[in-house]
Amino acid sequence: MTPLLQVKGIEKRYGARIGCTDVNFDLYPGEVMGIVGESGSGKSTLLNCLAGHLEPDAGQVIFDTRVDGPVDTVTMSEPERRMLGRTDWAFVHQHARDGLRMSVSAGGNIGERLMAVGDRHYGDIRDKAIDWLGRVEIEAARVDDRPSAFSGGMQQRLQIARNLVTGPRLVFMDEPTGGLDVSVQARLLDLLRGLVREMGLSAIIVTHDLAVVRLLADRLMVMKSGHVVEAGLTDQVLDDPQHAYTQLLVSSVLQV
Amino acid sequence: MSEYNFAYLDEQTKRMIRRAILKGLAVPGYQVPFASREMPMPYGWGTGGVQVSAATLTPEDTFKVIDQGADDTTNAVSIRKFFENTAGVSTTEETEKATVIQTRHRIPEAKLREDQIIVYQVPIPEPLRFLEPRETETRKMHSLEEYGLMHVKLYEDISQHGAISTAYAYPVKVSGRYVMDPSPIPKFDNPKLEMDAIQLFGAGREQRIYAVPPHTKVVSLDFEDYPFEATKANHLCDLCGAEDSYLDEVIMDDAGNRMFVCSDTDYCRSRRETGHVGRLAEENAA
């Protein structure tokens, strides 16, 4: 089986400082990879390098495209990379405001990717938008409301709908539950788990919340100071941490 | 007259503007940056159009200026006088006789010919501006032909108003490539953008020139189930009885009386001279 994404020796430096370095992993179709670590450990830098938002200084990100098979997305042309960003990839931002157009209705937000890939039938676009609102548990009646009239949790769910409408194969998520209260977090995680399993999505989730990776991720990478210090199956890493930093991380979680 | 160089601008500036115009004609719909000069009129009064006209005019040209279709409004009169003073070209109010026409917000009703040039005054040349405020990003979207966002605006129109409510500055795709703002002309005029004359667009404040060469395909954007419609007020002209021209609504009194008249004053006048009479013109005569 060909991995969907092969990451080889990715490095990103900010001058003399290390963003992330020597990151290697394979992601197979349907697999969910979690990346955890403290603030400033290079999680988001890594995610942005993988998603093509930042140009890495070294390394390859090889994506298994539908047409041409495995291609290095770092060296591919910008139009091709942006096309991937609209079709096979999705990016869920931590702050819904970064991923949504706040002055455009919920339906328009969901329809944007459809129109970007050439959908030109208003009725179809609207039907799909309403269908997706339903899937992320937002009432169909709110299709013409602007996201600014939505609660934080609804905005985040809308962002997810907007990203998944074109049926991507790989979803990048940057702390999707950050800034939401715990009950809303739980619902969102439930929803995400359902969608990921149902659509057979592969995902890379960056978070500092261990509960999120416990619930969603098959595999886990622990980062510290730009390096991957431990990687393995989620349960294995969390239940039997080997590296000193991972042990610290696991033991830092408050038990209620 | 002799105190000014011909048509106000110096020759180097006109050369620079002509280069931008030629580039614009070579790449239809592409916004060419140019070093817009300070003109003796405020931004928003047609500084871009005036510079393009100045670079286009020759001493033999006959010049016409229209503002919202009319030849006799402040903007039209002052720009016409400006070129009478600085270039000494002959001017006219008749579309037929003009060789260079500078316009704001309208395309004349009379069909333009191959030997004519029409210059549009453009306030905001970037059709994506209100959807994506970053110029770096809109330029990238143009260069990569990513125009999905333009349809998001039309989607929003339909979802809010049940129809595409954009009535002016209706976005078009030129020659199958660039999406272009046709300046704030009513969408009634959009089908006329495929014409025999050369069309030049000048935005002074935004420092952009773009162009549509003659006989170029210009398509108004729309949805399959909500096709583009060139709309106008559903009336006849009250002065000349024309049914095919774009109409202005004029409030007559505070009792709800109103009249509709051709916005193209030259078209209306020429029709009345050939004996066409509208509803209110008859009453006056009687």
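Hydrogens, waters and symmetry mates play no part in the numbers below; they use all other heavy atoms, side chains included. In the text below, chain A, chain B and the rest are named by the order of the sequence lines, each starting its count at 1.
Contact annotation for B:Leu131: only backbone heavy atoms (N, CA, C, O) come within less than 4.5 Å of a heavy atom of chain A. Residue A:Arg101 touches chain B through its side chain alone, counting heavy-atom pairs closer than 4.5 Å.
Environment of CD in B:Glu229: sparse, with no more than 12 heavy atoms of neighbouring residues, nucleotides or ligands closer than 6.0 Å. Around atom CG of A:Asp181, more than 12 heavy atoms belonging to other residues, nucleotides or ligands sit under 6.0 Å away. Summarising the local packing, CZ of B:Arg15 is surrounded by 12 or fewer heavy atoms from other residues, nucleotides or ligands at distances under 6.0 Å. Summarising the local packing, CD of A:Glu139 is surrounded by 12 or fewer heavy atoms from other residues, nucleotides or ligands at distances under 6.0 Å. In this structure, B:Lys232 places its NZ atom where more than 12 heavy-atom neighbours from other residues, nucleotides or ligands lie under 6.0 Å away. Surrounding CZ of B:Phe130 are at most 12 heavy atoms belonging to other residues, nucleotides or ligands under 6.0 Å away.
Shortest non-hydrogen contact noted between A:Met115 and B:Val152 is SD-N, 3.7 Å. Between B:Leu144 and A:Arg82, the shortest heavy-atom distance links the atoms CD1-CD, 3.3 Å. For the residue pair B:Ser159 and A:Arg126, the shortest heavy atom distance occurs at CB-NH1, 3.5 Å. Taking all atoms of both residues into account, the shortest heavy-atom contact from B:Asp225 to A:Gly123 is OD2-N, 2.7 Å.
Of the residues considered (B:Gln160, B:Glu224, B:Met150, B:Glu145), B:Glu224 shows the highest number of contacts with chain A, using heavy-atom pairs under 4.5 Å. Listed options A:Ser105, A:Ala116, A:Pro79 were ranked by heavy-atom pairs under 4.5 angstrom with chain B; first place goes to A:Ser105.
Using the six-membered ring where Trp is involved, B:Phe223 and A:Tyr122 have ring planes that are perpendicular, over 60° apart on the 30 and 60° scheme.
The shortest distance between side-chain heavy atoms of A:Glu112 and B:Tyr155 does not fall below 4.5 Å.
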